[in-house]
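What follows is a single structure, written as structure tokens, with notes after it.
The structure presented is a predicted model; accordingly, all values stated were derived computationally and were not measured. Every number for a ligand or one of its atoms is a count from 1 in the order of the listing.
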Amino acid sequence: MRSSVRAHHGGVLPDVDDLLGTMRVVALPLVTRFRGITVREAALFEGPEGWTEFAPFVEYDDAEASRWLAAAIDFGWEAPPAPLRDAIAVNATVPAVAPGEVASVLARFPGCRTAKVKVAEPGSAPDEDLARVRAVRDVLGPEGRIRVDANAAWNVDEAEHALRLLSTADLEYVEQPCATVDELIDLRRRTKDLRIPIAADESIRRSADPFRAGAAADVVIVKAAPLGGIRTALGLARMLSRPAVVSSALDTSVGLAMGAHLAAALPELPYDCGLGTAALLAADVVDEPLRPRDGTIPVGRVTPSPVLLDRWKADEDRTAWWADRVRRVRALLD
Ligand SMILES: O=C(O)CCC(=O)C1=CC=C[C@@H](O)[C@@H]1C(=O)O
Ligand SMILES: [Mg+2]
């Protein structure tokens, strides 16, 4: 490394040439559309501690992306905290597919006893969500655990209506049913009788006051990259004092390894984690992707295969776009 400096948190902050020197940008096809995309782009760097990932979704602004870069640097340039476990139980992630497609999606997650089902997608009605959830229940059986994620799409009335409909499906929790903390509080009051726990995801990583959001929720979702890295996420989970579920962001196996290290360092892990999403990628950058086997993924660093990095490399325009993004976002970390 040439001119790394110390970052505010006391860690190393590599300069932009260090980052761009090893950067590889990939464009990986998905098995099925997820949050509106069919190709996942990611920038990978090799730091002194190993390979790391910077993959904020392309529509995110530079300020938001700067936390993802801090996380990438933390994982590539610092040793992760000591793991307390060597495998992480993960959930299946079911995109907003038709009920007839549910069985083939779940088949990609062998051994997973928990499924997270996307609901409230634009243009989809509550009874379509219910049909998808019922199809998941048919495959998992009565012992299966089913959580739904609305990604903040419902207002309080819609959320109450949907939860009353979905309550027949025995839900483990509902993730981010509404956008604001006030709405979450209102919804909790209105649906007390249903006893469906409420999990906060976007409210934790995007709100100015994650503590208020944590207090309004029964469960908190922590994601290493959007929260600025493993250490920051661990500290936040500790302070929120709610059961934490580690999840990911449709990362390559390099980013999933970061999430697995976060999950491995949490003192308690009562829920299965959203780290099985390599199963939604039709291609990955490592020879042995971190796809769930027996319902778990292993904890450890992974190294991309040069052949796969070449096979899935993004075209010149997209690679230049990511290099520009890294330059702009790195400047925000000074
Ligand atoms: O938690 C999971 O099962 C997988 C990850 C996941 O659902 C998400 C990944 C990427 C972006 C988000 O829209 C989404 C989420 O909201 O949790
Ligand atoms: Mg979510």
So, is E202 placed with an N/O/S atom under 2.8 Å from the Mg ion (ligand 2), counting both backbone and side chain? no

The Mg ion (ligand 2) to D201: nearest N/O/S atom name: OD2

So, of the N/O/S atoms that E175 has, which is the nearest one to the Mg ion (ligand 2)? OE2

Would one find more than 12 heavy atoms of other residues, nucleotides or ligands at under 6.0 Å from atom CG of D86? no

N/O/S atom name from D149 that is nearest to the position of the Mg ion (ligand 2): OD2

Side chain E101, main chain A103, donor-acceptor under 3.5 Å: no

Salt-bridge criterion met for D193 and R164 (N-O under 4.0 Å): yes

Do the side-chain N and O atoms of E53 and T252 include a donor-acceptor pair separated by under 3.5 angstrom? yes

Donor-acceptor pairs under 3.5 angstrom involving side-chain atoms of residues 261-274: please list them, not counting sequence neighbours.
from	atom 1	to	atom 2	distance (Å)
D272	OD1	R113	NH2	2.8
D272	OD2	R113	NE	2.9
D272	OD2	T114	OG1	2.6

Under 3.5 Å side-chain donor-acceptor pair for E183 and N155: no

T93, I297, L290, D251 screened by side-chain contact (heavy atoms from CB on, under 4.5 Å) with T277, the one that passes: T93

Find all protein N or O atoms under 3.5 angstrom from an N or O atom of ligand 1 and list the pairs with distances, or write 'none'.
from	atom 1	to	atom 2	distance (Å)
ligand 1	1 (O)	K116	NZ	2.9
ligand 1	1 (O)	S247	OG	2.7
ligand 1	3 (O)	N91	ND2	2.9
ligand 1	3 (O)	T93	OG1	2.6
ligand 1	7 (O)	K116	NZ	2.8
ligand 1	16 (O)	K118	NZ	3.4
ligand 1	16 (O)	D149	OD2	3.1
ligand 1	16 (O)	N151	ND2	2.7
ligand 1	16 (O)	D201	OD2	3.1
ligand 1	17 (O)	K116	NZ	2.9
ligand 1	17 (O)	D149	OD2	3.3
ligand 1	17 (O)	E175	OE2	3.3
ligand 1	17 (O)	D201	OD2	3.2
ligand 1	17 (O)	K223	NZ	2.8

cation_pi(R301, F75) dist<6.0 Å, angle<=45: yes

